[in-house]
*Asks:* 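Below you'll find the structure I mean.
Chain letters run A, B, ... following the sequence lines, proteins first, then strands; residues in each count from 1. In this text, all values refer to a predicted model and were calculated from it rather than measured experimentally.
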2 protein chains.
Amino acid sequence: MVAYTASALKAELNERGWRLTPQRETILRTFQNLPEGNHLSAEDLCDLLDKAGDPISLSTIYRTLKLMARMGILRELELSESQKRYEINQPAPHHHHHLICVRCTKTIEFKNDAVLKAGAKTAIRSGYHLLDCQLLIQGICPNCQRSLIPV
Amino acid sequence: MVAYTASALKAELNERGWRLTPQRETILRTFQNLPEGNHLSAEDLCDLLDKAGDPISLSTIYRTLKLMARMGILRELELSESQKRYEINQPAPHHHHHLICVRCTKTIEFKNDAVLKAGAKTAIRSGYHLLDCQLLIQGICPNCQRSLIPV
DNA sequence: TTAAGTGCAAAAACTTTGCATATTT
DNA sequence: AAATATGCAAAGTTTTTGCACTTAA
């Protein structure tokens with residue numbers, strides 16, 4: 001589990017005149033407790049919190065996801081669906097990548113250190129502060145190759 | 001320019017019981033004539049065709065973009081905006097990657113052969129037919145690092 | 001001829017915004 | 001106390017779908 005605590009979040013927020021609220025804390029905690037490799041859309045998260053008896057409005061969720069992605073706390077993933085999905089942004093060495101079938105959207109996660117290194121180098125060379133590095137590979141999975149008339 | 005002709009498209013479509021239509025041909029040609037590095041959203045394409053005096057309905061455009069992405073003819077890019085964008089899918093060695101600022105969405109394109117090789121290897125190992133391989137790096141650009149209270 | 005494709009308009013899905021109220025600092 | 005954050009409802013965007021008509025094979 002990652003060592004990003006609520007008080008670290010508070011410190012970072014306050015530094016810019018922003019505030020720590022129960023909602024932000026709940027959302028951070030939710031992502032931290034999510035099993036590795038899971039990722040939630042805004043709506044997923046909203047439903048999850050509803051069911052957990054700790055509801056947060058969809059608009060706050062959207063605002064918070066965007067905020068935390070811009071702070072580097074969440075990774076924003078765009079798999080082939082049209083919704084964005086989020087997961088906690090662990091330190092770079094933990095970043096994983098995705099191999100996706102463009103027909104059935106079957107997705108495989110994998111890691112690759114060489115890719116991460118290349119990404120970090122590129123970011124640094126351009127003076128960017130690196131937040132996330134994801135390789136997105138699209139292809140046709142073995143199953144879909146067999147069926148001649150796919151979607 | 002790439003060697004994917006209308007008749008190659010026709011052959012591939014017919015193989016699956018699909019058809020070559022003037023709209024599909026126009027859309028293919030439009031992407032082939034697009035300067036390298038450009039990419040269009042569905043709406044961009046619609047406007048472009050309108051202005052060119054050869055309009056195609058938005059729904060057909062959406063249907064065609066999805067179709068061609070699934071055939072591997074177009075690359076589907078998800079930069080940080082919420083619209084998907086498309087460009088012609090040149091052979092793998094021409095694939096380029098993106099370094100994006102999460103605050104201002106400033107985007108830098110770059111190439112990296114090692115990343116492409118790693119991607120191809122991963123796809124093959126899982127039996128996927130490789131269509132596209134893109135590295136997406138998110139970070140904070142030098143400018144936005146300087147401004148303490150960004151969006 | 002007939003099954004697939006198009007365009008239109010309507011619906012659905014996803015995201016953002018204005019504003020009154022509540023909360024953090 | 002002052003400024004930020006929330007929730008709601010409404011609006012804005014982007015994408016999908018149903019259907020009658022057209023067209024490629």
*Asks:* Of all residues at least two apart in sequence or in a different chain, which pass the ring-ring contact (aromatic ring centres under 6.0 Å, His included) check with His95(A)?
*Replies:*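 For His95(A), no residue satisfies ring-ring contact (aromatic ring centres under 6.0 Å, His included) once neighbours in sequence are set aside.
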*Asks:* Not counting sequence neighbours, which residues clear side-chain contact (heavy atoms from CB on, under 4.5 Å) with Thr64(B)? List them please.
*Replies:*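 Residues passing side-chain contact (heavy atoms from CB on, under 4.5 Å) with Thr64(B): Arg24(B), Ile27(B), Thr60(B), Met68(B).
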*Asks:* Trp18(A) has an atom CH2; how far is it from atom P of dT6(D), in whole Å?
*Replies:*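 Rounded to the whole Å, the gap is 12 Å.
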*Asks:* Between Asn14(A) (CG) and dA3(D) (P), how many Å, whole number?
*Replies:*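 Between P of dA3(D) and CG of Asn14(A): 16 Å.
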*Asks:* Only pairs at least two apart or in different chains count here, so list each salt bridge (Lys or Arg N to Asp or Glu O under 4.0 Å) that has a residue in residues 107-121 of chain B.
*Replies:*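 Salt bridge (Lys or Arg N to Asp or Glu O under 4.0 Å) check on residues 107-121 of chain B returns no pairs.
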*Asks:* Take Leu45(A) and Phe31(A) through the test side-chain contact (heavy atoms from CB on, under 4.5 Å) and record every step on the way to the result.
*Replies:* CA-CA 9 Å; Leu45(A) 176 58; Phe31(A) 277 105; 3.9 Å; yes
*Asks:* For the pair made of CG in Leu20(B) and C1' in dT22(D), what is the distance, rounded to whole Å?
*Replies:*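 Nearest whole value for this atom pair: 16 Å.
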*Asks:* Classify the nucleic acid contact of Ser59(B) as base, sugar-phosphate or nothing, counting any heavy atom under 4.0 Å across all strands shown.
*Replies:*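 If one applies the 4.0 Å heavy-atom cut-off, Ser59(B) turns out to touch a base.
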*Asks:* Apart from Leu58(A) itself, which Ile, Leu, Val, Met, Phe, Trp or Tyr residues share its cluster (side-chain heavy atoms under 4.5 Å, direct or through members)?
*Replies:*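 Tyr62(A), all in the cluster of Leu58(A).
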*Asks:* Please tell me if Lys66(B) has a side-chain N or O lying less than 4.0 Å from either OP1 or OP2 of dT15(D).
*Replies:*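 It does not, given that no N or O in the side chain of Lys66(B) lies less than 4.0 Å from OP1 or OP2 of dT15(D).
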*Asks:* Of all of residues 42-58 of chain B, which get a heavy atom below 4.0 angstrom from DNA chain C, listed by number?
*Replies:*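 The answer is Ile56(B), Ser57(B).
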*Asks:* Find the distance Lys10(A):NZ to dT4(D):P and express it as a whole number of Å.
*Replies:*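 These atoms are roughly 15 Å apart.
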*Asks:* Side chains of Ile88(B) and Leu74(B): closer than 4.5 Å at any heavy-atom pair?
*Replies:*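 Ile88(B) vs Leu74(B): side chains touch.
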*Asks:* Could you tell me how far apart Gln23(B) (CD) and dT22(D) (C1') are, to the nearest whole angstrom?
*Replies:*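 One finds 10 Å between C1' of dT22(D) and CD of Gln23(B), rounded.
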*Asks:* Kindly write out the residues that satisfy ring-ring contact (aromatic ring centres under 6.0 Å, His included) with His94(A), not counting sequence neighbours, or none if the list is empty.
*Replies:*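 Listed in chain order: nothing, the list is empty.
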*Asks:* Using whole Å, what does the distance between atom C1' of nucleotide dA5(D) and atom CG of Leu9(A) come to?
*Replies:*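 After rounding, the gap between these two atoms is 14 Å.
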*Asks:* Assign each of Arg19(B) and Ile61(B) to its nearest nucleotide of DNA chain C by heavy atoms, then name whichever residue's nucleotide is nearer the 5' end.
*Replies:*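 Taking each residue's closest nucleotide, the earlier one in sequence belongs to Arg19(B).
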*Asks:* Atom CZ of Arg24(B) to atom C1' of dT22(D): distance rounded to whole Å?
*Replies:*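 Atom-to-atom, Arg24(B) to dT22(D), this comes out as 14 Å.
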*Asks:* Can you list everything that forms a side-chain contact (heavy atoms from CB on, under 4.5 Å) with Ser59(B)? Sequence neighbours excluded, please.
*Replies:*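 Ser59(B) satisfies side-chain contact (heavy atoms from CB on, under 4.5 Å) with Ser57(B), Arg63(B) only.
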*Asks:* Does anything in residues 35-54 of chain A pair up under side-chain hydrogen bond (donor to acceptor under 3.5 Å, both in side chains), and if so which pairs, sequence neighbours excluded?
*Replies:*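 Sorted pair list: Ser41(A)-Asp44(A), Asp44(A)-Arg85(A).
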*Asks:* Show every donor-acceptor pair shorter than 3.5 Å between a side-chain atom in residues 124-137 of chain B and any protein atom, with sequence neighbours excluded, or say none if there are none.
*Replies:*
| residue | atom | partner | partner atom | Å |
| --- | --- | --- | --- | --- |
| Asp132(B) | OD1 | Arg75(B) | NE | 2.7 |
| Asp132(B) | OD1 | Arg75(B) | NH2 | 3.0 |
| Asp132(B) | OD2 | Arg75(B) | NE | 3.4 |
| Asp132(B) | OD2 | Gln134(B) | NE2 | 3.0 |
| Gln134(B) | NE2 | Glu76(B) | O | 2.9 |

*Asks:* For chain B and DNA chain C, what are the first and last nucleotides along the strand, 5' to 3', with at least one atom under 4.0 angstrom from a heavy atom of the protein chain?
*Replies:*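 The contact span of chain B on DNA chain C goes from dA3(C) to dC8(C).
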*Asks:* Starting from the first five and the last five pairs of the helix from dT1(C)-dA25(D) to dT25(C)-dA1(D), work out the angle between the resulting helix axes, to 10 degrees.
*Replies:*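 That helix has its two terminal axes inclined by roughly 50°.
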*Asks:* Expressed in angstrom and rounded to an integer, what is the separation of Gln83(B) atom CD from dT16(D) atom P?
*Replies:*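 It is 13 Å, rounded to the nearest whole Å.
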*Asks:* What residues form a side-chain contact (heavy atoms from CB on, under 4.5 Å) with Lys10(A), not counting sequence neighbours?
*Replies:*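 Counting only residues at least two positions away or on another chain, Lys10(A) forms a side-chain contact (heavy atoms from CB on, under 4.5 Å) with Asn14(A), Leu20(A).
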